[in-house]
Amino acid sequence: MHYVKVVLGVLLGVFVFAFLDYVLPSKNTVYISSAYNRLTDVTPSNTMFYASENTGTVENTSGLRDVRFIETVRPNGKVFVYRNEDTGWIWPPYFKYDSANLQAEATNLRSSRQDPQWVSVTAYGWRLPWLSTYPNAISIDTLASPSEQPKNWPALIILTVLFIFLVLFWRMWAQFRERTIDPAIRSADAHFDRVEARGRSWLDRLKGTNKGGGK
Amino acid sequence: MAALVRLIIFLIIAETVFYLLLRVYLRSLRTERLEDIWDARHPDQAGNNPARREFVRKALVGFEKTLKVRLLVLVFIIPTLAVMGIVYLVNWQ
């Protein structure tokens, strides 16, 4: 039982970490090499890594979605590809509706290896090549140099709020337990004890009469 | 548009549930505090008894009108403002 608890706890921890890692915004310093849109097959296996349907993305009759992409290059020379999709009013709650504007911004900031215009792209999601998933870009800010590291304030604020909620719910649960569950258990216990005592006295009497009868 | 309506409905349901939970929690904290006060004032009548229950009931009259409980309305205001803030920051920057 102890090992089951440990394994479940570790799994929960990994799940929570992965969930936050996927949903929280992260910032990357890159320069944009290209911005375009391409018909993309959103299959059942990777549909959870794309925006929900009917949030502004166009889908043709054969189910291909016209997704905007932003191709970037990191300071170490490795490439990174973002998608640029509206999240709409649905999950995750970024309420993004300006993917067309963001795409225009990305196109405007395109630069080459000879004269890179460094930008900080805020995005959420994972790049999983084997599932063809891409992080969704949220905003683009220009940087003076690639060594500049803007603080990820949104993620810090969200984590702080989540931590406060965790402590609050823990306190609320402790209070509920102390004031409602424990007294209920105690009164149930007392009731059970009374019933048991009554039963025992009845048994004793039974035994007593038996003894009496035996005499 | 339907998605926006759904978001508003979900937000209102979540806020209401959280509001009620917080209210029960604050009331429970206050009740416990009052019981401790009674026990400190009347060491001879400590513990759960009719006199203490009556004292707590009387002291909790008007609890809904205290500033603390009134400020709970913020549970409906702050998340709504936060959503509007996110909409602004993501789309108009």
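Residue numbers begin at 1 in each chain, while the letters A, B, ... track the order of the sequences.
Between B:Leu11 atom CG and A:Trp89 atom CH2 the span is 11.0 Å, to the nearest 0.5 Å. Remark: A:Tyr97 OH to B:Trp92 CH2 distance equals 10.5 Å, nearest 0.5 Å. Between the CD1 atom in B:Ile86 and the CZ atom in A:Phe95 there is a gap of 5.5 Å [rounded to 0.5 Å]. Between the CZ atom of B:Phe18 and the CZ atom of A:Phe169 there is a distance of 5.0 Å, given to the nearest 0.5 Å.
Atom OH of A:Tyr36 is surrounded by more than 12 heavy atoms from other residues, nucleotides or ligands within 6.0 Å. Taking a 6.0 Å sphere around CZ of A:Arg74, one finds it holds more than 12 heavy atoms contributed by other residues, nucleotides or ligands. Within 6.0 Å of the CZ atom in B:Arg53, the count of heavy atoms belonging to other residues, nucleotides or ligands exceeds 12. Within a 6.0 Å radius of CD in A:Gln149, other residues, nucleotides and ligands contribute 12 heavy atoms or fewer.
With a 4.5 Å cut-off on non-hydrogen atoms, A:Pro93 touches chain B through its backbone but not through its side chain. Heavy-atom distances place the side chain of A:Leu168, and not its backbone, under 4.5 Å from chain B.
Contacts with chain A were tallied for B:Val87, B:Leu7, B:Leu4, B:Ile8; B:Leu4 has the most, counting heavy-atom pairs under 4.5 Å. Of the listed residues (B:Leu22, B:Asn48, B:Val24), the greatest number of heavy-atom pairs within a distance under 4.5 Å of chain A belongs to B:Leu22.
Checked options A:Met172, A:Arg179, A:Glu178; the residue passing with B:Ser28 is A:Arg179 (criterion: side-chain contact (heavy atoms from CB on, under 4.5 Å)).
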